[in-house]
Amino acid sequence: DETGNYDATLNNGAMWTNDSKFGPYAVDFNDGYITQNSILDVFPPNGAIDFWFKPSVTFDSNAPANWNLVNKMNSLFPEHYMWAALDSDTGKLHYTIYKGTGTDYRIISITDTWLANTWYHITLTWGARGTELWVDGVKEGSTSFTGVPDTGSQFDFTIGAGYTGA
């Protein structure tokens with residue numbers, strides 16, 4: 001990361017590219033993904049994951065498969081996870097925190113078509129204000145859940161296609 005505190009690993013063909021809104025920090029995923037083994041092992045009480053993505057093809061309800069964007073899982077308690085993915089049935093972004101209580105805290109975006117070669121700014125928040133999903137600076141949904149994801153350190157934080165960390 002830009003602070004120099006965390007190193008990440010490019011997996012399965014992910015590579016650095018200069019096609020970015022902010023310089024050489026973009027990653028061309030195709031089927032690849034980035035993993036980082038210690039970030040968010042313990043979530044702060046209030047926080048956000050903030051990122052940009054640009055699909056190479058239009059993603060909507062006709063997409064052949066879901067696209068993972070970010071996730072953090074817990075192998076000891078598989079019912080504890082945090083993830084955000086584009087859903088191929090609806091074309092919408094799903095942001096979910098599940099803490100094993102029988103209820104997931106899910107926000108589903110209003111946006112349902114993600115145009116090819118268009119940059120999108122996504123912010124996922126948690127904490128005292130509840131959980132929120134923002135797309136291009138517009139809040140598209142929230143829940144009343146005021147806790148934090150409980151994912152532990154068993155799986156890497158993953159950006160891109162490899163949602164299980166495998």
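As the structure is a prediction and not an experimental result, all values here were calculated from the model. All residue numbers in this chain count up from 1 along the given sequence.
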Cluster link Ile49 to Val138, ILVMFWY, side chain under 4.5 Å: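 Different hydrophobic clusters.
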
Connected via hydrophobic side-chain network under 4.5 Å: Ile110 and Trp67: no

As an exercise, state the distance from [atom1] of [X] to [atom2] of [Y], rounded to the nearest 0.5 Å.
| X | Y | atom1 | atom2 | answer |
| --- | --- | --- | --- | --- |
| Asp89 | Asp60 | CG | CG | 12.0 Å |
| Ile122 | Leu86 | CD1 | CG | 8.0 Å |
| Thr123 | Glu132 | OG1 | CD | 9.5 Å |
| Asp112 | Leu93 | CG | CG | 11.5 Å |

Which atoms form the tightest heavy-atom contact between [X] and [Y], and what is the distance?
| X | Y | answer |
| --- | --- | --- |
| Leu124 | Ala84 | CD1-CB, 3.7 Å |
| Pro55 | Thr118 | CD-O, 3.4 Å |
| Thr131 | Ile97 | CG2-CD1, 3.5 Å |
| Tyr95 | Thr125 | OH-O, 2.9 Å |
| Lys139 | Trp134 | N-CE3, 3.2 Å |
| Ala128 | Asn46 | N-OD1, 2.6 Å |

Partners meeting side-chain contact (heavy atoms from CB on, under 4.5 Å) with Asn66 (sequence neighbours left out): Asp87, Ser88

Contacts of type side-chain contact (heavy atoms from CB on, under 4.5 Å), residue Ile108, not counting sequence neighbours: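 Only Lys92, His94, Arg106 meet the side-chain contact (heavy atoms from CB on, under 4.5 Å) criterion with Ile108.
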
Given Phe59, Trp119, Trp114, the one that forms ring-ring contact (aromatic ring centres under 6.0 Å, His included) with Phe53: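 Exactly one candidate clears the test, Trp114.
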
All side-chain hydrogen bond (donor to acceptor under 3.5 Å, both in side chains) counterparts of Thr111, not counting sequence neighbours: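 Partners of Thr111 by the side-chain hydrogen bond (donor to acceptor under 3.5 Å, both in side chains) criterion, ordered by chain and then number, come out as Glu140.
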
